[in-house]
J.: 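Below you will find the structure I want to go over with you.
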There are 2 protein chains.
Amino acid sequence: MTERTLSIREAAAETGVTAHTLRYYERIGLALPVARAKSGHRRYGEPELRWIVFLRRLHATGMPIRKMLAYARLARKGPAGADGRRALLEEHRREIKERLGQLTSTLEVIEQKLALYDQLPAPPAEHAPRER
Amino acid sequence: MTERTLSIREAAAETGVTAHTLRYYERIGLALPVARAKSGHRRYGEPELRWIVFLRRLHATGMPIRKMLAYARLARKGPAGADGRRALLEEHRREIKERLGQLTSTLEVIEQKLALYDQLPAPPAEHAPRER
DNA sequence: CTACGACTTCGAGCGCGCTCTAAGTCAACG
DNA sequence: CGTTGACTTAGAGCGCGCTCGAAGTCGTAG
């Protein structure tokens, strides 16, 4: 029943960010001040880790820190912030879908270009191939 | 048969970047020095526009400018740079696929969270909902 | 008791990709 | 001929998201 807690180094390894970044997130208010050992050292539990991982997901999919911050503030308000959180998530869902489309269409463009390298005797010309 | 050329402003509108950015791309070597009117003003033709659009696609899908620069240099070498260009494109294809996976899995996470807002009487708790 | 190493805070610094400013030139209009 | 306005260059500045350095504290090993 002992709760497993991690040092900042371990938490960093677990979440895939650096210890510097964990402290940074805390000081800008993206994460709450975490529990401390009596030495003053941070101790991370499961909920903190899950929160960081979720933030990184949002960030990796293009959400800027300012928006994550807004979401974090709403989360701290509990039920009162539910509508706002939902709106932010819906907005981000839209943006993810947009990015998916962008990636997919560029993937196609690249596949086409690559196909040229396979099929042509001479490599495809690119804009202004001369070099002086 | 007259070639249609655009001013920097028009080219910017056409490609979706600012005139500032067009000049910036030229000075860092991402785009070749473009033709000039006798006034000294830049004149953009079709190939230049297509090149810029392609660069923006690469960039929008996560390619850093340094890599685009490497690609541009290879393109200027013509056939001699074909292998290198191909390798860069293949690498970027891999990264795009990775990003697609990341976006897709995060999209699922968000869909799940959103589903909670629809089904629960109380909104879902988030890490450390208290606000002092 | 001492030395070590992992932690702490605070603040400065950095790489990226623009973005903007200042000062000047040129062409066309009235 | 004078004004307007779109362009030119070179270089400084900026927002983002970390990243690092300095200086100090704590707790365990030898």
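Note: hydrogens, waters and symmetry copies are ignored here, and every other heavy atom, side chains too, is used. Lettering of chains follows the sequences in order, A, B, ..., and the numbering in each one begins at 1.
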J.: Under 4.0 Å between any heavy atoms, over every strand shown, what does A:Arg27 touch: base, sugar-phosphate, or nothing? Just pick one.
T.: base

J.: Between B:Arg66 and B:Ser39, name the one whose nearest nucleotide on DNA chain C is closer to the 5' end.
T.: B:Arg66

J.: Between C1' on C:dC10 and CZ on A:Arg23, what's the gap in Å once rounded to a whole number?
T.: 12 Å

J.: Decide, yes or no, whether a salt bridge links A:Glu26 with A:Arg42 under the criterion of side-chain N to carboxylate O below 4.0 Å.
T.: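 Yes, charged N to carboxylate O under 4.0 Å.
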
J.: Describe the nucleic acid contact of B:Arg43 in one word from base, sugar-phosphate, nothing, applying a heavy-atom distance below 4.0 Å.
T.: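 No contact.
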
J.: Which distance, rounded to the nearest 0.5 Å, do you find between the CG of A:Leu74 and the CG of A:Leu69?
T.: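 The CG atom of A:Leu69 is 10.0 Å from CG of A:Leu74, to the nearest 0.5 Å.
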
J.: Mind calculating the distance between CG (B:Leu69) and C1' (C:dC18) to the nearest angstrom?
T.: 15 Å

J.: Let's go through B:Glu108 and A:Arg57 carefully: what are the C-alpha distance in whole Å and the side-chain angles of both, what is the deciding distance for salt bridge (Lys or Arg N to Asp or Glu O under 4.0 Å) to 0.1 Å, and is it a yes or a no?
T.: CA-CA 11 Å; B:Glu108 279 166 23; A:Arg57 270 189 176 288; over 6 Å; no

J.: Can you check the A:Ile28 CD1 to C:dG11 P distance for me, whole Å?
T.: 16 Å

J.: Spell out, as yes or no, whether a donor-acceptor pair under 3.5 Å connects the side chain of B:Trp51 to the backbone of A:Glu126.
T.: no

J.: Quick check for you: name the first and last nucleotides of DNA chain D, 5' to 3', having an atom under 4.0 Å from a heavy atom of chain A.
T.: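 Extent of the interface on DNA chain D: D:dC16 to D:dG27.
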
J.: Over all strands shown, is A:Arg9 touching base, sugar-phosphate only, or nothing at heavy-atom distances under 4.0 angstrom?
T.: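 Result for A:Arg9 = sugar-phosphate.
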
J.: Classify the nucleic acid contact of B:Arg42 as base, sugar-phosphate or nothing, counting any heavy atom under 4.0 Å across all strands shown.
T.: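 Sugar-phosphate, no base atom in range.
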
J.: Answer yes when B:Arg94 and B:Glu98 have at least one side-chain N-carboxylate O distance shorter than 4.0 Å, and no when they do not.
T.: yes

J.: Specify the separation, in whole Å, of atom NE2 of A:His20 and atom C1' of C:dA12.
T.: 13 Å

J.: Specify the separation, in whole Å, of atom CD1 of B:Ile8 and atom C1' of C:dC26.
T.: 16 Å

J.: Mind calculating the distance between OH (A:Tyr24) and P (C:dC10) to the nearest angstrom?
T.: 16 Å

J.: Starting at CZ of A:Arg36 and ending at P of C:dT8, how long is that distance when rounded to a whole Å?
T.: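 Between P of C:dT8 and CZ of A:Arg36: 6 Å.
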
J.: Under a 4.0 Å heavy-atom cut-off, which of residues 91-107 of chain A touch DNA chain C?
T.: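 Listed by number, there are none.
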
J.: Using whole Å, report how far OH of A:Tyr44 lies from P of C:dC7.
T.: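 Those two atoms, OH and P, are 10 Å apart.
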
J.: With distance as the sole test, does A:Arg85 use its side chain to make a donor-acceptor pair with the main-chain N or O of A:Arg73 at under 3.5 Å?
T.: no

J.: Please check: side-chain N/O of A:Glu48 versus main-chain N/O of A:Gly45, any donor-acceptor pairing under 3.5 Å?
T.: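 Confirmed, A:Glu48 side chain pairs with A:Gly45 backbone.
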
J.: Begin from the C-alpha positions of A:Leu103 and A:Leu107 and carry the test side chain to side chain contact (heavy atoms under 4.5 Å, CB included) through to its verdict.
T.: CA-CA 6 Å; A:Leu103 282 171; A:Leu107 182 56; over 6 Å; no

J.: Carefully, step by step, assess B:Arg86 and B:Glu90 under the rule salt bridge (Lys or Arg N to Asp or Glu O under 4.0 Å).
T.: CA-CA 6 Å; B:Arg86 182 182 179 149; B:Glu90 282 170 351; 3.3 Å; yes

